[in-house]
Amino acid sequence: MASSEFVSCATIRSRFAAAMSAMYQAEVPQYETLTRLVAAVNDDVLAARPALRDQLAAADDLERLSVERHGAIRVGTAAELNMLARMFAIMGMAPVGYYDLAAAGVPVHATAFRPTETEALAINPFRVFTSLLRLDLITDDGLRAQAESILAERDIFTSRLRDLVAHHDTVGGFDEAEAQAFVTEALETFRWHDNATVDHATYTRLAAQHRLIADVVCFRGPHINHLTPRTLDIDTAQSAMPDYGITPKAVIEGPPQREVPILLRQTSFKALEEDIRFAGDTIGHHTARFGEIEQRGVALTPDGRTLYDRLLAAAKTYKHDNNDDYQAALAGIFAEFPDDLETLRRRELAYFRYEAVGESSINADSPTDDDSALEALLASGVIVAHPIVYEDFLPVSAACIFQSNLGDAPDSTQAAAASQQTLEVALGRAVIDPFALYAEIEAESKRAALVQVMGTVVPSGA
Ligand code: OOG
Ligand code: NI
């Protein structure tokens with residue numbers, strides 16, 4: 001079969017994201033409520049702010065909004081993560097970033113599988129925050145060995161899925177029937193099981209070490225634990241939640257509300273306590289699944305991120321239990337962070353994608369370097385700069401989301417050195433540096449826009 005007849009990665013990813021969303025809506029009705037709330041808020045925002053609508057449309061960022069979600073799962077072994085990486089690769093999703101959660105008392109490290117190219121992101125930016133349990137952080141030797149042997153006995157993938165992935169990797173793609181089968185089989189890995197693989201006593205022992213360990217080890221698969229639609233106004237969505245019968249967590253994580261949204265703001269509702277049938281037919285409870293919403297803003301450069309991290313750290317002393325007070329404090333602290341697109345761009349605090357939209361009188365013979373030419377062309381409106389959406393996650397926010405879903409009793413893990421290399425060995429490849437991706441999109445778009453307008457680009461500094 002010619003490769004042009006293979007079903008595209010983007011099509012498989014879109015179908016999978018839609019199937020996962022439908023499954024989770026059926027499993028957790030509050031998630032369906034949340035998607036309705038977010039759609040209503042987004043409609044209102046777009047109706048009230050035509051300039052924002054135009055900006056999103058011009059940047060190819062409007063179409064994807066209604067399908068945009070991220071999900072999260074947690075796996076137990078290197079082999080499980082390795083197979084997931086192969087599965088996500090088929091959907092055009094690569095591991096981006098390394099997130100060390102142990103530093104925040106959560107015994108996992110993680111990466112985010114997501115599309116990496118502008119065109120793919122515009123079609124469907126589906127992301128899955130994927131954590132690998134750090135069994136090395138279980139302090140009790142006996143318990144660690146027991147967790148390892150329980151995990152060694154399960155297979156979180158169907159045998160048909162394994163066959164399909166092997167076939168894909170041999171021939172390089174899927175025909176229509178294979179693509180459909182793949183989506184159906186892949187979904188099985190993420191399904192909820194209300195029966196545990198262990199007895200209640202084992203569950204309790206693992207949960208006493210850390211509830212996340214019990215969540216990963218005691219079930220047949222890594223149930224999807226939340227799906228997160230993207231809202232254009234998280235403050236409105238947060239305050240509307242009670243009207244929809246949803247109780248949000250106390251505060252919105254991430255940066256404060258701004259004219260120009262940066263990075264990522266998130267809030268969630270608490271995980272549900274669900275009935276579980278344990279081996280030996282005991283009925284008990286487990287809390288794992290929750291709902292979350294997010295608002296995405298422009299991606300920051302390393303300088304912008306350093307400023308963000310410094311300001312967020314300064315906000316740490318403020319109480320994290322009343323959203324209005326916390327947001328007011330945060331807004332005060334973040335006053336130092338420039339809040340208009342032009343300053344963010346000129347000071348290289350954020351990433352932009354350049355696009356030629358007109359014709360220029362400047363040509364390659366004009367005595368100017370490409371940076372001066374770019375500024376002149378931006379000023380005359382021949383080239384426009386679109387803020388690049390932040391497609392990744394934030395470790396401090398992620399840790400707070402994890403913690404808010406573990407119940408009230410404090411869980412703790414001894415601090416341990418981050419271990420990116422261990423995660424990469426499990427993945428079978430290095431994780432991609434998110435900054436490098438944004439920088440490349442920016443640099444490539446700048447070059448292409450200048451070439452389009454001037455025919456050729458004067459080398460920088462010429
Ligand atoms: C993942 C929590 C992190 C986010 O949006 O930061 C996350 C989990 O609870 O498994 O999804
Ligand atoms: Ni999340």
Next item on the list: May I ask you to decide whether Asp309 forms a salt bridge with Arg305, counting only side-chain N to carboxylate O separations under 4.0 Å?
Entry: yes
Next item on the list: Decide yes or no for Thr267 and Glu253: does some side-chain heavy atom of the first lie under 4.5 Å from some side-chain heavy atom of the second?
Entry: no
Item checked: NE2 on His200 to CD1 on Ile276, rounded to 0.5 Å -> 9.5 Å
Next item on the list: State whether Glu119 and Arg64 are salt-bridged, where the test is any N-O pair (Lys NZ or Arg NE/NH1/NH2 against Asp/Glu carboxylate O) under 4.0 Å.
Entry: no
Checklist line | Heavy-atom pair with the smallest gap, counting every atom of Leu212 and Arg74 | finding: CD1-NH1, 3.4 Å
Note to self: Before you tell me yes or no, could you show the steps for Tyr390 and Ile262 under side chain to side chain contact (heavy atoms under 4.5 Å, CB included), namely the whole-Å CA-CA distance, both residues' side-chain angles and the distance that decides it to 0.1 Å?
What the structure shows: CA-CA 8 Å; Tyr390 186 60; Ile262 51 171; over 6 Å; no
Item checked: Any side-chain heavy-atom pair of Val165 and Ile90 under 4.5 Å -> yes
Check: For residues His70 and Glu292, is any side-chain donor paired with an opposing acceptor at under 3.5 Å?
Finding: yes
Check: What heavy-atom pair brings Leu300 and Tyr351 nearest, and what distance separates the two atoms?
Finding: O-CE1, 3.2 Å
Item checked: Qualifying residue for side-chain contact (heavy atoms from CB on, under 4.5 Å) with Phe290, from Lys270, His226, Lys249 -> His226
Notebook entry, point to check: Do the side-chain N and O atoms of Glu188 and Thr158 include a donor-acceptor pair separated by under 3.5 angstrom?
Noted result: no
Margin query: Less than 4.5 Å apart, side chain to side chain, heavy atoms only: is that true for Asp303 and Glu348?
Written below: no
Next item on the list: Verify salt bridge (Lys or Arg N to Asp or Glu O under 4.0 Å) between Arg447 and Glu440, making sure each step is shown before the conclusion.
Entry: CA-CA 11 Å; Arg447 198 195 59 79; Glu440 192 184 313; over 6 Å; no
Checklist line | Asp275 side chain vs His285 backbone, donor-acceptor pair below 3.5 Å | finding: no
Item checked: N/O donor-acceptor pair under 3.5 Å between Thr231 side chain and Asp233 backbone -> yes
Check: Out of Tyr24, Phe219, Phe157, Phe16, which residue meets the ring-ring contact (aromatic ring centres under 6.0 Å, His included) rule with Phe190?
Finding: Phe16
Check: Near Tyr318 OH, under 6.0 Å, is it more than 12 heavy atoms from other residues, nucleotides or ligands?
Finding: no
Check: Considering only heavy atoms from C-beta outward, does the side chain of Arg265 approach that of Gln257 to under 4.5 Å?
Finding: yes
Next item on the list: Answer whether the closest heavy-atom distance between the side chains of Gln295 and Leu264 falls below 4.5 Å.
Entry: no
Notebook entry, point to check: OG1/Thr189 to CG/Leu161 distance, rounded to the nearest 0.5 angstrom?
Noted result: 5.5 Å
Checklist line | Shortest non-hydrogen contact between Leu132 and Gly76, atoms and distance | finding: CD1-C, 3.8 Å
Notebook entry, point to check: After noting the C-alpha distance and the side-chain angles of Tyr31 and Arg36, does the key distance pass the side chain to side chain donor-acceptor pair (under 3.5 Å) rule?
Noted result: CA-CA 9 Å; Tyr31 164 65; Arg36 264 193 294 121; over 6 Å; no
Next item on the list: With rounding to the nearest 0.5 Å, note down the distance linking CG in Leu133 to NE2 in His210.
Entry: 9.5 Å
Next item on the list: Taking the side chain as every heavy atom from C-beta outward, state whether Gln30 and Tyr244 have any pair of such atoms under 4.5 Å apart.
Entry: no
Next item on the list: Determine the interplanar angle of the His109 and Tyr98 rings, folded into 0 to 90°, and report it as parallel if under 30°, tilted if 30 to 60°, perpendicular if over 60°.
Entry: perpendicular
Item checked: Arg258 side chain vs Val260 backbone, donor-acceptor pair below 3.5 Å -> yes
Checklist line | Between Arg353 and Thr118: side-chain donor-acceptor atoms closer than 3.5 Å | finding: no
Check: Ion pair present between Arg211 and Glu273, side-chain N to carboxylate O less than 4.0 angstrom?
Finding: no
Margin query: Does Gln180, at its CD atom, have more than 12 non-hydrogen atoms belonging to other residues, nucleotides or ligands within less than 6.0 Å?
Written below: yes
Check: Does Arg114 come within less than 4.0 Å of Asp392, counting only side-chain N to carboxylate O?
Finding: yes
Notebook entry, point to check: Under 6.0 Å from the CZ atom of Arg429, do we count more than 12 heavy atoms belonging to anything else shown?
Noted result: yes
Margin query: So does Pro302 get a backbone contact from the side chain of Thr306, meaning a donor-acceptor N/O pair under 3.5 Å?
Written below: yes
Next item on the list: For side chain to side chain contact (heavy atoms under 4.5 Å, CB included), just list the numbers for Arg230 and Asn42, CA-CA rounded to whole Å, side-chain angles, deciding distance to a tenth of an Å, and then say yes or no.
Entry: CA-CA 9 Å; Arg230 176 177 165 198; Asn42 288 354; 5.8 Å; no
Next item on the list: Classify the ring geometry between Tyr308 and Phe334 as parallel (under 30°), tilted (30 to 60°) or perpendicular (over 60°).
Entry: tilted
Notebook entry, point to check: Does some side-chain heavy atom of Glu80 sit less than 4.5 Å from a side-chain heavy atom of Thr77?
Noted result: yes
Note to self: With no hydrogens and no angle check, just 3.5 Å: does a side-chain donor-acceptor pair link Gln266 and Arg296?
What the structure shows: no
Item checked: Audit row: Asp175, Glu178, side chain to side chain contact (heavy atoms under 4.5 Å, CB included) steps and yes/no -> CA-CA 5 Å; Asp175 67 19; Glu178 290 160 350; 3.2 Å; yes
Next item on the list: Could you go through the side chain to side chain contact (heavy atoms under 4.5 Å, CB included) check for Glu148 and Leu135 one step at a time?
Entry: CA-CA 8 Å; Glu148 278 167 5; Leu135 286 168; 3.6 Å; yes
Next item on the list: Check for a donor-acceptor pair, side chain of Asp199 on one end and backbone N or O of Phe278 on the other, with a separation under 3.5 Å.
Entry: no
Check: Arg69 and Ser21: side chain to side chain donor-acceptor pair (under 3.5 Å), yes or no, with the steps?
Finding: CA-CA 9 Å; Arg69 290 158 190 15; Ser21 184; 3.2 Å; yes
Notebook entry, point to check: Salt bridge between Asp194 and Arg277, side-chain N to carboxylate O under 4.0 Å?
Noted result: no
Note to self: Using modelled atom types and a 3.5 Å cut-off, is there a donor and acceptor pairing between side-chain atoms of Ser445 and backbone atoms of Glu442?
What the structure shows: yes
Notebook entry, point to check: Within the distance-only criterion (no hydrogens, no angle test), does the side chain of Glu27 pair as donor or acceptor with the backbone N or O of Trp192 below 3.5 angstrom?
Noted result: yes
Margin query: Between Phe352 and His386, is the ring centroid distance below 6.0 Å?
Written below: no
Next item on the list: Please report the shortest heavy-atom distance between Pro255 and Leu330, naming the atom on each side.
Entry: C-CD2, 3.9 Å
Next item on the list: Check whether the side chains of Thr11 and Ser8 place a donor and an acceptor atom closer than 3.5 Å, and report yes or no.
Entry: yes
Note to self: Please give me the minimum heavy-atom distance between Thr116 and Ala94, naming the atom from each residue.
What the structure shows: CG2-CB, 4.3 Å
Note to self: Let me confirm one number: the OG1-OH distance from Thr197 to Tyr203, rounded to the nearest 0.5 Å.
What the structure shows: 12.0 Å
Margin query: For Asp141, is there an ion pair with Arg144 - N to carboxylate O distance below 4.0 angstrom?
Written below: yes
Notebook entry, point to check: Can you tell if the side chain of Ile401 reaches within under 4.5 Å of the side chain of Phe129, non-hydrogen atoms only?
Noted result: no
Margin query: Could you measure the distance from the CG atom of Leu81 to the OG1 atom of Thr130? Nearest 0.5 Å is fine.
Written below: 7.0 Å
Notebook entry, point to check: Got a second to check how far Leu84's CG is from Met93's CE, nearest 0.5 Å?
Noted result: 10.0 Å
Notebook entry, point to check: Salt bridge between Arg127 and Glu294, side-chain N to carboxylate O under 4.0 Å?
Noted result: yes
Margin query: Given 3.5 Å as the limit, does a donor-acceptor pair link the side chain of Glu185 with the main chain of Leu164, or not?
Written below: no
Item checked: Distance-only side-chain donor-acceptor flag, Tyr99 / Ser131, under 3.5 Å -> no
